[in-house]
Amino acid sequence: MSSQSPIVAAPPEHVVRRIRRLRRGELPCDAVELARYLIGKSVVREFTLGSAARRIAGRVVETEAYIPGDAAAHAFIGPTPRNRSLFLERGHAYVYFCYGMHYMLNVSAESVGIGAGVLIRAIEPIEGIDLIERRRGTKRLLDLARGPGRVAEALRIGPRLDGIDLCAPGPLWLGTSVRGSDAIGTSVRIGITKEAHRLLRFYERGSPFVSGPKGLSREKNFL
DNA sequence: CGGCTGATGATCT
DNA sequence: GATCATCAGCCGG
């Protein structure tokens, strides 16, 4: 596989329509387990464009867990106005602004009052690809949502979605997987300096939609 | 393909 | 004033 266009086909519309919203009870009540669980699941964005209802959906292929007591986690310093969504019951969105220009989507983990989350680092676009291309300003499929900043831009996620329930009907929710997922690889997390040795990044093995240095997503990381 | 860097602003010390 | 859970663009091999 080189720099040529990848052999990846989005599922046809009738398959995509089968996505069912995940109930909160289906989400593991543990950030690490949740991070693994979310690989292969769907993220669905619903919004109106002009007067038309539109939908964008993707398949999660890469996550990172930020666990209680983790110095690299935003929740580590305790609740603040910025990170309060991390302390919500599992399955809520924590959206924050980083590096002055990117938003990032996390799914709160654990139970109420415990600050933990799962960063969605990459998704494979499966529905509304034309809308994503327009928003992202590129037609390169692999660049549409590879990396957490790109995920948020692809899904039109901004500060207004911070704190919303991802297990309820609304503009953004988690759904079942549209296709069986491959084995899950593990590695250190990307872009942090504290707690850098912890193996809390998870990704779908072999997926070209996964972000980060190639060496982090190789065979050797499969346990 | 890999490595480097400037952009750009909220949050916290 | 430093520190970011980043990205696009540019440069070299």
Where the side chain of [X] is defined as all heavy atoms beyond and including C-beta, which of [options] is the nearest nucleotide?
{"X": "A:Arg150", "options": "C:dT6, C:dC7, B:dT11", "value": "C:dC7"}
{"X": "A:Met104", "options": "C:dT6, C:dA5, C:dC4", "value": "C:dT6"}
{"X": "A:Ile77", "options": "B:dC12, B:dG9, C:dC7", "value": "B:dC12"}
{"X": "A:Phe97", "options": "B:dT11, B:dG2, B:dA10", "value": "B:dA10"}

Practice task
Before accepting this row, confirm whether a basic side-chain N of the pair A:Glu110/A:Arg90 lies closer than 4.0 Å to the acidic partner's carboxylate O.
Solution key: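 Judged by the 4.0 Å cut-off on N to carboxylate O distance, A:Glu110 and A:Arg90 do not form a salt bridge.
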
Exercise for the section: Report the residue from A:Val61, A:Leu144, A:Ile123 that forms a side-chain contact (heavy atoms from CB on, under 4.5 Å) with A:Phe209. Expected result: A:Val61

Rounded to the nearest Å, what distance is computed from the [atom1] atom of residue [X] to the [atom2] atom of nucleotide [N]?
{"X": "A:Arg82", "N": "C:dT3", "atom1": "CZ", "atom2": "C1'", "answer": "10 Å"}
{"X": "A:Arg140", "N": "C:dG9", "atom1": "CZ", "atom2": "P", "answer": "12 Å"}
{"X": "A:Tyr99", "N": "B:dT11", "atom1": "OH", "atom2": "C1'", "answer": "14 Å"}
{"X": "A:His74", "N": "C:dC4", "atom1": "NE2", "atom2": "C1'", "answer": "7 Å"}
{"X": "A:Leu144", "N": "C:dT6", "atom1": "CG", "atom2": "P", "answer": "19 Å"}
{"X": "A:Arg121", "N": "C:dC7", "atom1": "CZ", "atom2": "C1'", "answer": "11 Å"}
{"X": "A:Phe202", "N": "C:dA5", "atom1": "CZ", "atom2": "P", "answer": "18 Å"}
{"X": "A:Ile190", "N": "C:dC4", "atom1": "CD1", "atom2": "C1'", "answer": "16 Å"}

Practice task
Please check if any side-chain donor atom of A:Arg201 sits under 3.5 Å from a side-chain acceptor atom of A:Ser217, or the reverse.
Solution key: yes

Exercise for the section: May I ask you to check whether A:Thr138 and A:Asp143 show a side-chain donor-acceptor distance below 3.5 Å? Expected result: no

[N], OP1 or OP2 - any side-chain N/O from [X] closer than 4.0 Å?
{"X": "A:Arg146", "N": "C:dC7", "result": "no"}
{"X": "A:Thr80", "N": "B:dT11", "result": "no"}
{"X": "A:Arg136", "N": "C:dA8", "result": "yes"}

Handout entry: A:Tyr66-C:dA5 aromatic stacking (under 5.5 Å, under 30°)
Key =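 Yes; centroid distance and tilt both under limits.
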
Practice task
Identify the nucleotide, in any strand shown, that forms a Watson-Crick or G-U wobble pair with B:dT8, with both distances under 3.5 Å; if there is none, say none.
Solution key: none

Handout entry: Watson-Crick/G-U partner (both atom distances under 3.5 Å) of C:dA5
Key = none

Exercise for the section: Determine yes or no for a side-chain-to-main-chain donor-acceptor pair under 3.5 angstrom, with A:Thr63 supplying the side chain and A:Ala35 the backbone. Expected result: yes

Exercise for the section: Identify whether any heavy atom of A:Met101 sits under 4.0 Å from a base atom; if not, whether one sits that close to sugar-phosphate; answer base, sugar-phosphate or nothing. Expected result: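 Answer is base: heavy atoms of A:Met101 come under 4.0 Å of a base.
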
Problem - Closest-nucleotide ordering on DNA chain C, the 5'-leading residue of A:Lys194 and A:His102 - result: A:Lys194

